[in-house]
Amino acid sequence: MSDQDNDQIQQRRRNLEEIVELGHAAYPHRFDQTRTISEVVSLYHMHAGRKEEAELESVNQILKEAEGGVIRLAGRIMTMRTMGKAGFAHLSDGRGALQVYMRRNDLGEDGWSLYQRLDLGDWVGAEGYLFITKTGELSLHVTRLSFLTKALLPMPDKYHGVQDKEIRYRRRYVDLIAAGAVGEREPEQLTTREVFERRATIIREIRHFFDSRGYIEVETPMLSPLATGAAARPFVTHHHALDITLYARIAPELYLKRLVVGGFDKVYEINRNFRNEGISYKHNPEFTMLEWYQAYSDYDDLIDLTQELMTGLVDKVCGTRRVVFKEHVIDFDHWRRMTMREAVLAHWPDDATRPTLEGLMERAQLEEAAASIDLSFDPRLNNGQLLGEIFEKLVEPHLIHPTFITEFPTDLSPLSKQKADDPRFVDRFELYIANMEVANAFSELNDPLEQKRRFEEQAGQRDRGDEEAMVMDEDYIRALSHGMPPTAGEGIGIDRLVMLLTNQHSIRDVILFPHMRPETKG
RNA sequence: GGGCCGUUAGCUCAGUCGGUAGAGCAACUGGCUUUUAACCAGUGGGUCGUUGGUUCGAGUCCAACACGGCUCACCA
């Protein structure tokens with residue numbers, strides 16, 4: 001839409017010119033605050049509220065002396081109400097808002113002239129003293145007004161904010177500005193700003209969790225000559241100086257395990273992965289992944305650690321173990337655990353066609369089972385992959401409460417260690433909450449010869465057209481050949497976790513600048 | 001990629017049966033020195049997503065396209 005020449009924009013330009021003519025810098029360099037707005041609000045809001053005249057007077061006497069009688073603060077103008085030769089406005093520092101009161105008598109001719117040329121959205125500094133208005137609101141009685149920056153574009157509706165999701169995603173800055181002023185909001189619904197503040201808290205707490213347990217945070221390549229460690233199509237780029245193809249990483253997994261070989265027995269990394277795949281409410285082309293690896297542990301240890309991590313996060317950011325998500329109340333006090341095959345059998349819709357436990361590893365029964373639940377599948381899928389498909393179709397939609405699914409087929413898990421008593425399966429789990437895969441963990445395969453065999457199997461699948469099958473990583477085999485101790489590793493999708501803990505139903509609502517098709521002009 | 005829905009003033013939204021484009025907020029002018037979704041009186045503001053078609057006449061009906069949302073599929 002044309003932001004260029006509407007009357008409001010022209011008016012704002014004129015106001016800026018006139019402010020400059022009054023002697024103000026158009027874009028001043030700094031402003032000294034004595035307090036931020038949110039500090040003032042949290043320190044003095046307890047005085048707010050309607051009062052008898054006598055009490056009001058005495059409270060205001062005290063407030064006038066507060067902070068030495070001079071408070072200077074800065075913020076963006078969110079609302080303005082002028083009545084003749086005085087006016088009220090709300091200034092916001094993003095986190096909190098404070099009402100300011102300005103009178104011609106106090107500001108003088110120059111200050112009042114500036115006031116008259118202010119627009120919604122402008123940044124100003126205000127100096128004055130605190131008081132409570134007749135209607136009981138904590139306010140700053142301004143004695144000096146400073147111009148800080150003009151907003152040349154008009155603000156969104158002060159009451160409704162921005163409803164258009166496209167604008168909210170494309171112009172997150174507008175969404176963030178408007179979110180503070182939205183009137184129609186459920187009390188428990190977070191503002192955009194609160195969602196991202198909570199996201200920051202979650203990530204901070206995760207770091208604290210691992211740091212305090214002796215894990216070391218590392219950063220491994222995001223650009224790498226091989227895209228491996230997961231099953232996904234990569235983004236491809238080119239390095240000019242080296243004249244080589246590089247891939248944006250799809251997972252840090254193999255690098256992190258090289259570090260375990262090197263003696264970092266507890267490592268973690270929080271960073272972006274990139275997958276060149278579809279976009280949906282739970283998929284963004286780049287997403288934030290937590291991965292950690294610990295020596296001398298197996299996947300069972302990680303089940304305990306995962307519960308500890310998750311319940312700690314839930315306590316910290318939600319304040320309750322019963323977390324509202326969509327129409328569900330997710331109970332983080334009860335964690336279920338079942339094998340993939342048990343889950344399939346438990347959710348089988350029809351007693352007559354229910355396969356047997358062993359049948360779920362046999363070709364004929366698997367195909368029969370798939371047919372009876374109307375699952376169409378690629379015949380090139382191996383047995384494990386087919387079981388995985390059946391699981392996803394049948395079980396995943398029912399997994400609302402935290403559920404660890406264990407005993408994955410080896411076919412589906414090229415980097416996992418086989419079960420000691422049944423090589424058809426690996427020691428692995430995925431954690432499902434609210435129909436989303438939130439975590440994936442396993443005992444790491446550390447037998448270099450078996451790993452090489454698995455890679456070769458993957459290469460075979462690749463040759464048969466599976467673009468997502470893993471590629472051989474010779475150096476990783478070499479690393480394993482130097483000896484990796486028994487190790488368990490896990491990955492948690494941070495964006496999905498944030499969705500859960502902020503009750504946001506689209507991954508785009510927890511990513512500040514989600515990917516979208518470029519805006520087309522005209 | 002399929003299905004459904006949406007796109008009208010800076011923002012939030014109406015727009016009947018196809019007959020001169022509407023409201024609230026925001027803006028402008030005037031009034032008001034404790035208001036608060038301030039109020040009162042007045043004014044201006046539109047390529048109705050784009051292109052084409054049907055029609056005497058299209059915001060409205062039809063088609064294609066663009067962008068977005070939801071959903072299914074794909075995708076761990």
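Naming: A, B, ... by sequence-line order, numbering from 1 per chain.
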Rounded [atom1] spacing from [N] to [M] in Å:
| N | M | atom1 | value |
| --- | --- | --- | --- |
| B:U60 | B:G22 | C1' | 15 Å |
| B:U7 | B:C48 | P | 14 Å |
| B:G45 | B:C25 | C1' | 14 Å |
| B:G3 | B:C74 | C1' | 15 Å |
| B:C72 | B:U16 | P | 32 Å |
| B:A9 | B:U43 | C1' | 15 Å |
| B:G57 | B:G18 | C1' | 8 Å |
| B:G30 | B:C70 | P | 46 Å |

What does [X] touch in the nucleic acid at a heavy-atom separation under 4.0 angstrom: a base, only the sugar-phosphate, or nothing?
| X | value |
| --- | --- |
| A:R81 | base |
| A:A230 | nothing |
| A:Y169 | sugar-phosphate |
| A:N440 | nothing |
| A:T79 | nothing |
| A:R117 | nothing |

Phosphate oxygens OP1/OP2 of B:C11: is one of them under 4.0 Å from a side-chain N or O of A:K158?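 Result: no.
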Has the side chain of A:R508 got a donor or acceptor atom that lies under 3.5 Å from a matching backbone atom of A:H515? yes
Is the base of [N] touched by the side chain of [X] through a donor-acceptor pair closer than 3.5 angstrom?
| X | N | result |
| --- | --- | --- |
| A:H160 | B:C11 | no |
| A:E137 | B:U34 | no |
| A:D7 | B:G44 | yes |
| A:D157 | B:G24 | yes |
| A:Q11 | B:A27 | no |

Closest to the A:A231 side chain, choosing from B:G69, B:A76, B:U34: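 From the listed options, B:A76 comes nearest.
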The residue among A:S413, A:S416, A:S443 that forms side chain to side chain donor-acceptor pair (under 3.5 Å) with A:R428 is A:S413
